[in-house]
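Letters A, B, ... mirror the listed sequences (proteins, then strands); counts begin at 1.
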Amino acid sequence: MAYKKKEAPITGITISKEEDFSGWFTELITKADLADVRYNIKGFVVYREWATITIKKMYAKYEKCLEDKGHMPLTMPSLIPESNFFLEAEHVKGFTPEVFWVTEAGSSGKLAERLALRPTSETALYKMYSLWIRSYKDLPFKRYLSCQVWRYEGKSTRPFFRAREFHWIESHNVFATLEEAMNQVKEDMETTYQMLRDESCLPIIFFQRPEWDKFPGAVHTYAADALMGSGKVIQLPSTHLLGQNFAKPFDVKFIDTDGTEKYGYQTCYGPAQSRNYGAMIAYLGDDKGLVLPFDFAPIQVIIIPIIFKGKEKIVLDKADKLYNLFKGKYSVKVDDSDESAGNKFYYWELRGVPIRIEIGPKDITKNQVVVIKRHDGQKFFVKENEIEKFIDNIATNYTKELREKSMIDFESQVEVVYEKDSAIEAINNGKIVCCGFCSIDFDGEPCAEVVEKEVGGFVRGKRVDEEKHEFKTCLICNKPATCTVYIARSY
RNA sequence: GGGAGGGUGGUCUAGCUUGGUAUGAUUCCUGGUUUGGGACCAGGUGGUCGGGGGUUCGAAUCCCCCCUCUCCCA
C-alpha cells in the first residue's frame, strides 16, 4: 500500500476467548450486531438482524425435522388463565415463582382472573387436547408450536443463554400407551442429535435428570448437555415423559378399541432456539468473531472486489459475473462499498461468512480468484473455469469439517472416581466426574447438595445411552450405589 | 441468592473529590484523494449527562429512591 496506515480503531474482537470468555462473548454480540442489551427491561433483549436470520434458519430446519416425524404445527395464545395454570400441582409449584402475571387491562382496571404470560404451554394446550382427542383413532397426537415464553429467572441473565423472554419450539404429544410415549422420548433425543450435533456442530450427550432436577410434573426428564470444553456443560433441549400426570387433571382421554375410556400418555419436548443459538456461537466462535455452519450463515459467500483507480470496471464486472454464477444457489453478496479491502475482510470475518472470494486486477491477469474459508482460514488460488466446482465443494463439506473439528471425545473429558477428594480434584482440573451414587430418586438429594457445595459441580444424572461402570458405593454417603452418575460444572 | 464496578452525542471517554449548562476521539453525513489485511484531507450533523425526587440562586457534579448493564462467587 502506498500509505502507511495510522492506528485505526479496532472494530473487531479484541478480547481473547480463551483468556476471558465472558468478555469475549459480550464483545462478540455487540460488535457483530447480534443482540442489543440497551432495551430497558432486565432480561429482555433485542435480537439484531444477523442473529435473527440465523435463528430463523435454525427454526426452519427444526420445524421441518419435526414435521417429517409426524408433528403438526399450531399456534397458541400467549396468555393462560390462572385456573388452567393451577390444575397440576407439581407444575404450579415449579413454575409459579417464575411467572409474569397480567392483572390489569385497559382503562377498566383489574381483571376478574389474572392471566399468566406462558412460561411453557402445557396448561394452555392440554385443556384444548381434552376437547380435540376423542378416540384411539386420534392417536398418536403430535403437535408443536414455535413461540416465545416468559420466565422471571434469577438475576444473572445473559443474551441468548438465559433471558426472561426466550424463543423456543415446544412439542406436545399424546399416545395410547406408556411404551409409545417412551418411544417418542427416544425420537426427541434422536432429533436433538440431528439438529444440534449434526447441524449446529455441538457435542452433546443425554442424561436422565435426577428426580429433584426434572421438569415440574414430569415422570422423567431427559436433557442434552453440551460439552463446552474444559469440563463445563450447558443444558440444551430436554424431553419429558409426562405419563398420565397431566392427562388426569386436564382430562385428556380417549375411547380405546375395547370401548373403554382411558387417559392418554403424554410427552413434551422443548428445544430453546435462542439458547441453542447462544451455545452454537459461543462454542464455534473464535478470536476473529463468529463461525457458523454453512446452512445457518445469513450470507454464505462474500465477494470482495479489490478496486484500484482506473481498473474499477473490469474488477466490478468480474465480481458481478461471480455473483450471478452463485446467486441462485447460495446467499451471496458483493461488497462494493468504499471501505478499504482490509476493513471488509475483518467485517465479514467478524460476522462468520463461511466463504470469501477476493477478486483484484492481479487475479484477472492470471485468470484466477482468491478463495478463503472462514473456519480454518485456508486460502486458495482458483482458476476461473474451476471456480463453480470449487465453491460447491467447499459449501458441501464446510459444516462437516466444522463438526469434525468441534466434536469432543466425551470419554476423554471424563474421570472415573471413587472418593470425594478425587472428585474435587477432577472437577478443579476441568474434568467431568463419573462415579457411583446412592440414588437419583429424592432420597439421593441430600448427597447431591453435598456434591454442589463441596465438590463444586452438579449431578447431571444418569447417562442415557449406556451405563458402563460398576460402582459399589455412593461417592458421598457410602451407602450401596444404585446407579452411575456424572458430575460437572455448568453454565 | 451474595458481592463488586459501571451508565455523559451511535460508540468510547474527560469533567464529579472542591456545584456555575459538557472535553476529546471515533462513528455518521458532504466533497476530494484512496483501496491485495484495520488509509488520508477539509467541512458538517449529533447530548432531556439512565429516570424520578430533594438540597441550592444554580446540579453531570452533593443527598435519597428506582431502572439498567457488566463482572465475580453460590
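The gap from the C1' atom of U70(B) to that of A59(B) amounts to 27 Å, rounded to the nearest Å. Comparing C64(B) with U23(B), their P atoms are spaced 29 Å from each other, to the whole Å. Annotation: C49(B) and G5(B) have their P atoms spaced 25 Å apart (nearest Å). Distance noted for atom P between G32(B) and U13(B): 35 Å (whole Å). Of the C1' atoms belonging to C69(B) and G51(B), the separation is 15 Å, rounded to the nearest Å. Distance noted for atom C1' between G15(B) and C72(B): 30 Å (whole Å). When the C1' atom is compared between G24(B) and G9(B), the two are found 13 Å apart, to the nearest whole Å. Rounded to the nearest Å, the gap between the C1' atom of G37(B) and that of G1(B) is 48 Å.
Toward the 5′ end of RNA chain B lies the nearest nucleotide of G154(A), the other residue of the pair P361(A) and G154(A) mapping further downstream.
Spacing between atom CD of E339(A) and atom C1' of U27(B) amounts to 11 Å, rounded to whole angstrom units. Here the P atom of nucleotide C28(B) and the CG atom of D338(A) are 11 Å apart, to the nearest Å. Taking atom CZ of F308(A) as the reference point, atom C1' of U35(B) lies 6 Å away to the nearest angstrom. Going from atom NZ of K311(A) over to atom P of U34(B) covers 13 Å, rounded to whole Å. Protein atom CD1 of I306(A) is 11 Å distant from nucleotide atom P of U35(B), rounded to whole Å. Rounded to whole angstrom, the span from the CD atom of E153(A) across to the C1' atom of G1(B) amounts to 14 Å.
Between the base of G38(B) and the side chain of T11(A) there is a donor-acceptor pair shorter than 3.5 Å. For E349(A) against G37(B), a side-chain N or O and a base N or O form a donor-acceptor pair under 3.5 Å.
Here the side chain of K309(A) is nearest to one of U34(B), G38(B), G37(B), namely U34(B).
Aromatic stacking is marked for Y346(A) over G38(B), as both cut-offs hold: 5.5 Å for the centres and 30° for the planes.
Of the residues in residues 363-386 of chain A, D363(A), V370(A) come within less than 4.0 Å of RNA chain B through at least one heavy atom, sorted by number.
If you run side chain to side chain contact (heavy atoms under 4.5 Å, CB included) between W348(A) and each of R374(A), K333(A), R356(A), only K333(A) comes through.
Taking the six-membered ring wherever Trp is involved, the centroid distance between the rings of F161(A) and F25(A) falls below 6.0 Å. Between Y486(A) and F410(A), the ring center distance clears the sub-6.0 Å criterion. Between H240(A) and Y269(A), the distance from one ring center to the other does not fall under 6.0 angstrom.
If you check U56(B) for Watson-Crick or wobble pairing at under 3.5 angstrom, you find it has no partner at all. Applying the Watson-Crick and G-U wobble criteria (two distances, each under 3.5 Å), U70(B) pairs with A4(B). Pair assignment for C29(B) gives G43(B), based on Watson-Crick or G-U wobble hydrogen-bonding distances that are each under 3.5 Å. Partner assigned to U21(B) is none, using Watson-Crick or G-U wobble distances below 3.5 angstrom.
For S200(A) (side chain) and L202(A) (main-chain N/O), no donor-acceptor pair under 3.5 Å exists by modelled atom type.
Pairs passing the side-chain hydrogen bond (donor to acceptor under 3.5 Å, both in side chains) check and including a residue from residues 413-437 of chain A, sequence neighbours excluded, read K420(A)-E454(A). For the side-chain hydrogen bond (donor to acceptor under 3.5 Å, both in side chains) condition, no pair includes a residue of residues 84-93 of chain A, sequence neighbours left out.
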E384(A) vs K321(A), side chain to side chain contact (heavy atoms under 4.5 Å, CB included): CA-CA, chis, key distance, verdict: CA-CA 11 Å; E384(A) 214 183 304; K321(A) 212 176 123 192; 3.4 Å; yes
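Base orientation at U21(B) is syn, since its O4'-C1' glycosidic dihedral falls within 90° of 0.
Applying the side-chain hydrogen bond (donor to acceptor under 3.5 Å, both in side chains) rule to S331(A) yields no partners; only residues at least two apart in sequence or on another chain are considered.
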Give every pair of a protein N or O atom and an N or O atom of nucleotides 43-47 of chain B that lie under 3.5 Å apart, one pair per line with the distance.
none

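No side-chain N or O of Q208(A) forms a donor-acceptor pair with one of R463(A) less than 3.5 Å apart. When only modelled atom types and interatomic distance are considered, D363(A) and Q368(A) share a side-chain donor-acceptor pair under 3.5 Å. A donor and an acceptor atom, one from each side chain of Q148(A) and W150(A), are nowhere located under 3.5 Å apart.
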Per-nucleotide protein contact string for nucleotides 68-74 of chain B (B base, S sugar-phosphate only, - none; heavy atom under 4.0 Å): SSSSS--
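Between E211(A) and K214(A) there is a salt bridge, since at least one side-chain N of the basic residue sits less than 4.0 Å from a carboxylate O of the acidic one.
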